[in-house]
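Some notes on the structure that comes next.
Because only heavy atoms are used, hydrogens play no part in the values below, and waters and symmetry mates are left out as well, while side chains stay in. The structure displayed is predicted, hence computed values, not measured ones.
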Amino acid sequence: MIVGIDLGTTHSAVGVVDSGFPILLADEEGRRIMPSAVWYGEQGDIEVGRKAMRRRGLDPMRVVTSVKRWMGVPPGDPILENVGKSAEEVSAEILRELKRIAEWRLGELVEKAVITVPAYFNDGQRAATKRAGELAGLEVVRILNEPTAAALAYGMDKLKDRTRIAVYDLGGGTFDLTILEMEDGVFQVLATHGDTRLGGDDVDRLIFDWMAEGIYDFPQERRIKFLEEAERAKRMLSDEDAVTLRLPFYDGTSSFEKILTRKDLNRITKGWIERTLKCSRQAMMDSGLKVEELDAVVLVGGCTRMPAVREAVAGFFKMKVDVTQHPDEAIALGAAIQAGVMSGSMRKIVLLDVTPLSLGIETFGGLMNVIIARNTTIPCKAGEMFANAADGQEKMRVRVLQGEREMARDNWELGNFEVGMEILPKGRARVGVQFKIDADGILEVLAREISTGRDVIMKIESSAVNVDDAAVEAMVSASVEYAFEDISERIFTEARIKAEELIPAVEMILSNGLVDGSEAKEIEESLAAVKTAMSRGGANLLKAAVQKLDLATEGVAAKLVEKAMEEALAREMVI
């Protein structure tokens with residue numbers, strides 16, 4: 001038995017395939033969706049889901065919600081700090097309760113699960129999710145991207161037809177736009193883009209800011225009460241034109257009452273919606289498709305109930321959006337389908353997912369050398385050979401990077417380690433570096449010193465990833481915004497490295513009188529041009545100057561090689 005779990009920011013759910021059909025499992029109250037909330041009592045008591053949410057009014061500083069935003073990143077939530085728990089431990093309690101519900105409903109032990117994550121979760125966040133499952137007593141057999149899960153739920157009756165869809169997944173804490181192609185049981189992700197810190201929680205804060213105008217004293221407990229009222233208003237405005245927000249005696253003496261209209265909400269969330277469309281625009285560019293080539297745009301996630309969101313998405317994609325999937329249940333159903341495939345209780349479906357950001361290492365000169373490019377289908381494996389950058393180099397530091405910029409300093413370091421090298425002249429020692437990404441999107445890096453065959457292996461863990469999730473979108477946006485500057489700097493750096501190798505060799509040729517006449521004059525002029533270009537800093541100017549110097553010295557370089565071969569042959573004859 002393998003269950004499928006949607007571990008959501010706001011709500012979570014568990015499902016299974018029964019008699020060939022995916023179903024969600026309800027709790028004792030008959031509810032299929034459980035709030036992702038955990039209450040920690042001062043005496044060690046723990047309550048999860050609705051029981052925890054009922055505690056929020058009286059004990060708000062001990063009820064943890066939206067913990068998903070802190071998975072695999074440094075803790076920054078005051079409530080997490082107050083209860084002294086990590087995001088993984090809180091998530092494990094949610095998973096443990098879902099496991100209990102499944103075992104109660106199914107009447108048997110549940111030990112394996114497929115768990116969904118946002119497509120834009122990085123390696124550390126995926127690893128943290130897997131560890132949370134293990135803490136809950138589950139073997140996590142697959143980490144599944146949420147939009148892919150939603151596509152599975154949507155496409156079960158379309159397996160024979162070639163269908164291209166965009167899944168617009170806007171939940172409580174995260175957003176993803178994923179382009180998929182489905183045909184003959186194969187679900188292939190063509191591109192994905194998103195933001196792991198963009199969701200309904202942000203709308204609550206925007207409404208809170210609107211409510212809080214003119215009120216300056218907001219201790220944490222009072223802030224939570226205002227946010228709860230903001231969330232209530234957000235939900236009601238999906239069906240109503242206006243709602244009255246009320247907080248009687250919120251500070252003991254003063255009361256709050258204000259009318260929020262749908263028009264007001266549309267105005268204050270305009271920029272928030274535009275951020276989702278910016279991600280959508282990038283995903284479409286990466287897929288190489290035009291909106292006219294899509295067959296459907298499927299909406300999932302609780303925030304897609306908002307009329308303004310539906311209107312904006314329909315306008316962007318120039319088609320009527322598909323709202324046939326239950327916003328809160330589609331991902332859990334997709335996870336259950338994948339679990340059913342893996343357990344053998346459902347027909348075979350092939351998932352071809354992609355890695356959302358490029359992965360590589362830093363090379364000489366501070367360059368980013370991409371080994372696995374963004375939007376590469378996973379699981380995958382790729383590697384390259386690298387040489388020592390200096391004579392007598394004893395070891396090589398492998399800095400593992402993630403990002404889209406040309407220079408290493410502008411990308412994120414996931415981790416680093418050293419591998420020993422055979423002590424040889426520059427360019428003679430070899431180290432092979434291989435990246436392997438498994439079906440869960442988790443990265444393993446192997447470095448092998450070729451002469452000895454010694455291996456060093458690093459599996460990226462969450463402790464190595466200290467990147468603010470909100471910066472993911474900024475990373476890709478910056479790669480587009482600074483593309484010309486980045487490429488120019490890369491061209492200049494590569495040309496400078498080549499120039500620094502050429503200059504000493506050329507100066508040695510000239511000082512030893514190995515060339516004369518017009519050939520010497522051409523080389524001298526080309527050498528001077530390289531030095532001038534280096535001082536001025538122009539990328540194309542330096543590249544052209546280096547190429548000219550390289551061409552000018554081709555003849556003498558060939559003569560030197562020929563002379564060296566003759567001398568070596570003469571020595572062999574003497575021996």
Closest non-hydrogen atoms of Ala335 and Ala149, given as atom of the first, atom of the second and distance, are N-CB, 4.0 Å

Separation of Leu170 CG from Thr276 OG1 (nearest 0.5 Å): 6.0 Å

Which residues satisfy the ring pair (Phe, Tyr, Trp, His ring centres under 6.0 Å) test with Phe208, sequence neighbours excluded? Phe218

Distance col, row Ile207:CD1 vs Leu227:CG, nearest 0.5 angstrom, shows 9.5 Å

Does any N or O in the side chain of Arg197 come within less than 3.5 Å of the main-chain N or O of Arg69, such that one atom is a donor and the other an acceptor? yes

Any chance you could lay out the salt bridge (Lys or Arg N to Asp or Glu O under 4.0 Å) test for Arg448 and Asp455, step after step, and finish with the verdict? CA-CA 4 Å; Arg448 174 173 296 165; Asp455 289 347; 2.6 Å; yes

Are Ser280 and Gln282 linked by a side-chain donor-acceptor pair shorter than 3.5 Å? no

Counterpart residues, salt bridge (Lys or Arg N to Asp or Glu O under 4.0 Å), relative to Asp486 (two or more places apart): Arg405

Can you see which heavy atom on Ala132 is nearest to which on Ala92, and at what distance? O-CB, 3.4 Å

Atom pairs and distances, donor-acceptor, side-chain atoms in residues 534-545, under 3.5 Å, two or more places apart:
from: Ser535; atom 1: OG; to: Thr532; atom 2: O; distance (Å): 2.7

Does Tyr168 have its ring centroid less than 6.0 Å away from the ring centroid of Phe175? yes

Check this for me, if you would: do Arg305 and Asp328 make a salt bridge, where the nitrogen-to-carboxylate-oxygen distance has to be below 4.0 angstrom? yes

Can any side-chain N or O of Asn145 pair as donor or acceptor with the backbone N or O of Pro147 at less than 3.5 Å? no

What's the verdict on side-chain contact (heavy atoms from CB on, under 4.5 Å) for Ile2 and Val114, showing C-alpha distance, side-chain angles and the deciding distance? CA-CA 7 Å; Ile2 304 176; Val114 170; 4.2 Å; yes

Answer yes or no: is there an ion pair linking Arg131 with Glu89, defined by an N-O contact shorter than 4.0 Å? no

Pairwise distance OG1(Thr9) to CE(Met71) - rounded to 0.5 angstrom: 10.5 Å

Name the atoms and distances for all side-chain donor-acceptor pairs under 3.5 Å in residues 288-301, with sequence neighbours left out.
from: Glu293; atom 1: OE1; to: Lys290; atom 2: N; distance (Å): 2.8
from: Asp295; atom 1: OD2; to: Arg164; atom 2: N; distance (Å): 2.7

Please answer whether the main-chain N or O of Asn122 pairs with a side-chain N or O of Gln125 as donor and acceptor at a distance below 3.5 Å. yes

Check whether the side chains of Ser36 and Thr10 place a donor and an acceptor atom closer than 3.5 Å, and report yes or no. no

Please report the C-alpha distance between Asp322 and Gln325 in whole Å, then the side-chain angles of each, then the deciding distance to 0.1 Å, and finally whether the side-chain hydrogen bond (donor to acceptor under 3.5 Å, both in side chains) criterion is met. CA-CA 8 Å; Asp322 188 310; Gln325 301 305 296; 5.3 Å; no

Let's go through Glu274 and Arg281 carefully: what are the C-alpha distance in whole Å and the side-chain angles of both, what is the deciding distance for salt bridge (Lys or Arg N to Asp or Glu O under 4.0 Å) to 0.1 Å, and is it a yes or a no? CA-CA 10 Å; Glu274 180 54 40; Arg281 200 170 292 115; 3.6 Å; yes

What residue among Leu414, Asp123, Asn411 forms side-chain contact (heavy atoms from CB on, under 4.5 Å) with Val400? Leu414

What are the two closest non-hydrogen atoms of Val90 and Leu80, and how far apart are they? CG2-CD2, 3.6 Å

Please lay out, stage by stage, how Glu494 and Arg490 fare under the test salt bridge (Lys or Arg N to Asp or Glu O under 4.0 Å). CA-CA 6 Å; Glu494 290 174 342; Arg490 185 179 192 99; 3.2 Å; yes

Val203 vs Arg205, test: side-chain contact (heavy atoms from CB on, under 4.5 Å). Steps then yes/no. CA-CA 5 Å; Val203 177; Arg205 281 189 283 271; over 6 Å; no

Name every donor-acceptor pair, under 3.5 Å, that has one atom in a side chain of residues 357-371 and the other anywhere in the protein, sequence neighbours excluded.
from: Ser358; atom 1: OG; to: Arg374; atom 2: N; distance (Å): 2.9
from: Ser358; atom 1: OG; to: Glu404; atom 2: OE1; distance (Å): 3.1
from: Ser358; atom 1: OG; to: Glu404; atom 2: OE2; distance (Å): 3.2
from: Glu362; atom 1: OE1; to: Arg399; atom 2: NH1; distance (Å): 2.5
from: Asn369; atom 1: ND2; to: Glu384; atom 2: OE1; distance (Å): 3.3
from: Asn369; atom 1: ND2; to: Glu384; atom 2: OE2; distance (Å): 3.3

Backbone N or O of Val321 within a donor-acceptor pair of the Arg310 side chain at under 3.5 Å? no

Donor-acceptor under 3.5 Å (Glu489 side chain, Glu485 main chain): no

Say whether, by atom type as modelled, one donor and one acceptor occur between the side chain of Ser12 and the main chain of Gly8 under 3.5 angstrom. yes

Indicate whether any N or O donor in one side chain lies under 3.5 Å from an N or O acceptor in the other, for Asn388 and Arg428. no

Indicate yes or no for a side-chain donor-acceptor contact from Lys68 to the backbone of Leu7 under 3.5 Å, with no hydrogens or angles considered. yes

Would you confirm whether Asp202, through its side chain, and Gly199, through its main-chain N or O, come within 3.5 Å as a donor-acceptor pair? yes

Backbone N/O of Gly427 and side chain of Arg430: donor-acceptor pair under 3.5 Å: yes

Side-chain (Asp391) to main-chain (Lys426) donor-acceptor, under 3.5 angstrom: yes

Just jot down the side chain to side chain donor-acceptor pair (under 3.5 Å) partners of Asn375, sequence neighbours excluded, or say none. none

Under 6.0 Å from the CD atom of Glu394, do we count more than 12 heavy atoms belonging to anything else shown? no

